[in-house]
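Let me begin by presenting the structure, written as structure tokens, before commenting on it.
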Amino acid sequence: MLLDESHAAAGWRHSRDGGEPQGIAVLVKNLKKFETEYDYDGIDLDWEYPGSSDDAAFLLTLEKAFRSAFPSPRYLLSIDVAPWSTEFYNVPHVKKVIDWFNIMTYDCAGPWTAYGELNSPIFWDNSDPRPV
């Protein structure tokens with residue numbers, strides 16, 4: 001099951017929108033009902049992407065609520081992680097509750113290499129340098 005920000009109808013709004021603690025309980029309840037009904041084996045959280053320490057704290061609270069309701073090893077919890085926002089993922093704590101990290105590397109233009117964008121564009125840019 002893929003959960004992304006468009007699923008706010010399930011009762012959850014993240015911290016940038018003034019998320020409320022009871023919203024997490026409603027979301028978890030709805031997800032548990034859905035997962036039980038359709039026999040899913042986990043959740044992939046696609047939050048693009050935490051942009052503050054408040055977001056990071058809320059994301060960790062959300063992930064802990066998921067892990068509590070969806071215990072390991074029966075359920076797999078994964079998260080899609082933006083490589084440009086790593087300081088807001090609280091990795092030492094998140095890795096205790098998340099089973100799998102999907103690093104979103106599509107369309108990641110460098111500065112780390114001269115050819116980063118050339119090798120991973122969503123939309124081709126004809127002005128990109130050609131590899132030597």
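Since the structure is predicted, the reported quantities are computational estimates derived from the model, not experimental observations.
Looking at heavy atoms from C-beta onward, Asp46 lies out of side-chain contact with Ile79 at the 4.5 angstrom threshold. Within the 4.5 Å cutoff, no side-chain heavy atoms of Leu59 are placed close to those of Asn90.
The minimum heavy-atom distance linking Ala56 with Pro50 is given by the pair N-CB, 4.3 Å. For the residue pair Ile43 and Glu35, the shortest heavy atom distance occurs at CG1-OE2, 2.9 Å. Considering all non-hydrogen atoms of both residues, Tyr89 and Val81 come closest at CE1-CG1, 3.4 Å. The two residues Arg67 and Tyr75 make their nearest non-hydrogen contact at NH1-O, 3.3 Å. Counting all heavy atoms, side chain and backbone alike, Ile98 lies closest to Trp100 at CG2-O, 3.2 Å.
Linking ILVMFWY residues whenever their side-chain heavy atoms come closer than 4.5 Å, directly or via other members, leaves Trp47 and Phe88 in distinct clusters. No single ILVMFWY cluster, assembled from side-chain heavy atoms under 4.5 Å apart, contains both Phe101 and Leu76.
The main-chain N or O of Phe70 is never found under 3.5 Å from a side-chain atom of Lys32 such that the two would form a donor-acceptor pair. Without hydrogens or angle criteria, Asp99 side chain to Leu77 main chain gives a donor-acceptor distance under 3.5 Å. No donor-acceptor pair under 3.5 Å is formed between the side chain of Ser68 and the backbone N or O of Lys64.
Once rounded to the nearest 0.5 Å, the distance linking CG of Leu27 with CD1 of Ile24 reads 8.0 Å. To the nearest 0.5 Å, atoms CD1 (Ile103) and CG (Asp80) are separated by 9.0 Å.
In terms of the side-chain hydrogen bond (donor to acceptor under 3.5 Å, both in side chains) criterion, residue partners of Ser78 (sequence neighbours excluded) are, by chain and number, Asp44.
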